[in-house]
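For clarity, every value in this text was computed on a predicted model and none was experimentally measured. Chain naming here is simple, since letters A, B, ... match the order of the sequence lines and numbering starts at 1 in each.
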Number of protein chains: 2
Amino acid sequence: MPGGRPRAFDAEAALDRALEVFWRQGYEGTSLSELTAAMGINRPSLYAAFGNKEQLFRTVLDRYFASPGAFAVEALEAPTAREVVERTILGAVELTTGPHTPHGCLSVNSVHACGPDSDPVRQEVIARRMAGEAALRRRFEQAADLPAGCDPRVLAQLVHTVTDGIAVQAASGRTREQLHQVAAMALRTLFRPPS
Amino acid sequence: MPGGRPRAFDAEAALDRALEVFWRQGYEGTSLSELTAAMGINRPSLYAAFGNKEQLFRTVLDRYFASPGAFAVEALEAPTAREVVERTILGAVELTTGPHTPHGCLSVNSVHACGPDSDPVRQEVIARRMAGEAALRRRFEQAADLPAGCDPRVLAQLVHTVTDGIAVQAASGRTREQLHQVAAMALRTLFRPPS
DNA sequence: CTAGTTTTGTATCGATCGGTAAGGAACTGG
DNA sequence: CCAGTTCCTTACCGATCGATACAAAACTAG
């Protein structure tokens with residue numbers, strides 16, 4: 001019975017374009033005109049396919065964590081806490097300094113919301129960040145190679161703080177090589193060879 | 001010969017109000033209406049006294065680094081690198097979790113600019129950040145208590161990365177007590193008691 | 001009081017913001 | 001062909017953006 005005119009664009013590809021723009025300019029910094037121009041569709045098509053700007057951003061956020069940000073959950077599978085931390089921090093450097101993606105982290109950028117109207121988006125991003133850190137903490141609680149007297153909760157917060165700092169540094173223009181040196185030093189001091 | 005109608009507001013107090021709003025909502029997230037409402041003046045008075053929105057922000061930025069952010073330069077006067085790092089990181093925690101100021105850091109927030117029209121502001125903030133880190137590096141180059149094989153440049157970048165991360169965490173709602181634990185762990189690992 | 005100067009309040013500018021109404025275009029089922 | 005459904009295009013909505021024109025108000029110098 002149904003049918004209808006087929007859509008003339010690829011929704012997945014359009015979401016990738018939207019991700020690129022949101023990643024580079026943030027939620028409030030991206031206008032609908034920029035979105036439609038980048039996605040190659042016009043405004044009513046965007047609203048019909050993705051709801052409104054906020055819903056589109058949430059969909060893009062899912063896509064971000066599912067594919068470029070997947071390293072964060074994959075790192076939890078490493079056998080030792082030492083390797084979990086290493087893969088998390090090095091993954092953050094790779095993610096935020098990719099040669100074909102905007103520098104910085106979509107999630108971290110969106111924490112610095114801006115106007116009061118984008119507070120729902122801000123809260124959603126913060127909730128996802130907290131969930132990721134909680135997973136990291138649970139992983140540390142089950143680790144056997146933590147330094148003596150090391151609180152898994154505080155360690156998770158510290159690692160999260162370092163990855164956040166890496167994202168800010170990348171957004172400030174720091175190169176991948178420089179951040180690799182920073183990451184190496186952080187790992188060297190966090191898990192020092194047994195003395 | 002001159003004279004003219006005296007202004008009915010205190011420029012310094014108005015700048016403090018503007019700082020509070022920019023700090024909380026960022027450059028692009030703050031509208032002129034919010035600024036004039038917070039500053040208690042109307043629009044033409046703002047333009048006559050402070051130029052335009054961008055010039056006002058730069059003036060506010062000066063004020064920010066001169067007073068709430070002064071700890072960053074004062075920390076350089078500490079006698080040892082260990083204490084410079086400690087005062088820098090603890091100062092970042094205090095600054096970004098103040099009970100009477102917005103959470104987070106005005107400078108870090110402004111790195112995640114937003115739209116393309118605010119790029120000059122973004123570049124200015126980045127330049128100031130790089131200058132601060134360069135001062136930190138020069139201080140480390142003159143220190144005698146650096147761990148063996150520790151590159152002053154990388155150490156400065158790492159400390160800067162940690163303070164950036166602290167700012168993001170504070171903006172995400174982390175409490176001062178939690179960040180103090182994170183800072184303590186970072187300091188413990190960075191400068192470990194000689195083994 | 002008058003002339004000159006600066007700030008104030010009001011009202012508004014063009015541009016852009018996110019979001020939509022309305023109708024023609026392209027498809028599927030009969 | 002025709003009805004039914006969905007999408008695309010154009011044009012537009014009220015609200016808000018940063019920034020200003022204009023004139024009345026408040027001051028100093030003479």
Side-chain angles (χ1 to χ4, degrees), chain A residues 1-15 17-19 21-22 24-61 110 113-122 124, chain B residues 1-15 17-19 21-22 24-61 110 113-122 124:
Chain A
M1 191 176 316
R5 176 174 177 173
R7 61 167 47 136
F9 63 94
D10 180 5
E12 304 277 315
L15 282 178
R17 307 289 191 89
L19 168 58
V21 181
F22 275 133
R24 182 154 34 85
Q25 306 195 351
Y27 175 70
E28 276 207 328
T30 302
S31 69
L32 278 183
S33 300
E34 290 170 315
L35 282 172
T36 54
M39 299 167 82
I41 64 181
N42 41 28
R43 215 167 286 218
S45 298
L46 188 151
Y47 277 85
F50 306 108
N52 58 8
K53 186 185 178 185
E54 180 176 334
Q55 293 178 26
L56 171 62
F57 182 80
R58 291 179 199 263
T59 306
V60 162
L61 211 58
S110 307
C114 287
D117 41 337
S118 66
D119 207 60
V121 167
R122 216 181 79 94
E124 159 114 17
Chain B
M1 193 178 310
R5 176 173 178 172
R7 61 166 46 135
F9 62 93
D10 180 4
E12 304 277 314
L15 282 178
R17 307 290 190 88
L19 168 58
V21 182
F22 274 133
R24 181 154 35 84
Q25 307 196 351
Y27 174 71
E28 276 207 328
T30 302
S31 69
L32 279 183
S33 299
E34 290 169 315
L35 282 172
T36 55
M39 299 166 83
I41 64 182
N42 42 27
R43 218 165 283 219
S45 298
L46 187 151
Y47 278 85
F50 307 107
N52 58 9
K53 185 185 178 185
E54 180 176 334
Q55 293 177 27
L56 171 63
F57 182 80
R58 290 179 200 264
T59 306
V60 161
L61 210 57
S110 306
C114 287
D117 41 336
S118 66
D119 207 61
V121 166
R122 216 181 79 93
E124 159 113 17

Atom-to-atom span, [atom1] of [X] to [atom2] of [N] - whole angstrom:
X	N	atom1	atom2	result
Arg5(B)	dC27(D)	CZ	P	8 Å
Ile41(A)	dC7(D)	CD1	C1'	11 Å
Asn52(B)	dT20(D)	CG	P	8 Å
Phe57(A)	dG19(C)	CZ	P	14 Å
Phe50(B)	dG18(D)	CZ	P	17 Å
Asp117(A)	dA15(D)	CG	C1'	12 Å
Leu56(B)	dG18(D)	CG	P	12 Å
Met39(A)	dG18(C)	CE	C1'	15 Å

Item checked: Residue Arg24(A) excluded, over 12 heavy atoms near CZ under 6.0 Å ->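 Yes.
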Return the set of residues passing side-chain contact (heavy atoms from CB on, under 4.5 Å) with [X] (not counting sequence neighbours), or none when no residue passes.
X	result
Thr30(B)	Val21(B), Phe22(B), Gln25(B), Glu34(B), Leu35(B)
Gln55(B)	Asn52(B)
Asp117(A)	Glu28(A)

Next item on the list: Can you sort out the partners of Arg5(B) under side chain to side chain donor-acceptor pair (under 3.5 Å), two or more places apart, ordered by chain and number?
Entry: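 Residues passing side chain to side chain donor-acceptor pair (under 3.5 Å) with Arg5(B): none at all.
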Next item on the list: Not counting sequence neighbours, which residues clear side chain to side chain donor-acceptor pair (under 3.5 Å) with Asp10(B)? List them please.
Entry: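 Applying side chain to side chain donor-acceptor pair (under 3.5 Å) to Asp10(B) gives none.
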Notebook entry, point to check: Starting at the 5' end of DNA chain C and moving along, which residue's nearest nucleotide shows up first, Pro6(A) or Glu28(A)?
Noted result: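 Here Glu28(A) is the residue nearer the 5' end.
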Next item on the list: Would you mind classifying the nucleic acid contact of Ala8(A) as base, sugar-phosphate or nothing, using non-hydrogen atoms under 4.0 angstrom?
Entry: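 The residue Ala8(A) makes sugar-phosphate contact but no base contact.
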Margin query: As a test of reading the structure: which of dC7(D), dT8(C), dC27(D) is closest to the side chain of Arg7(A), going by heavy atoms?
Written below: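 The answer is dC7(D).
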Note to self: Donor-acceptor check, side chain of Lys53(B) to backbone of Ser31(B), threshold 3.5 angstrom: yes or no?
What the structure shows: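 Not a single qualifying donor-acceptor pair exists.
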Which protein N or O atoms sit under 3.5 Å from an N or O of nucleotides 10-17 of chain C?
| residue | atom | partner | partner atom | Å |
| --- | --- | --- | --- | --- |
| dC17(C) | OP1 | Ser31(A) | OG | 3.3 |

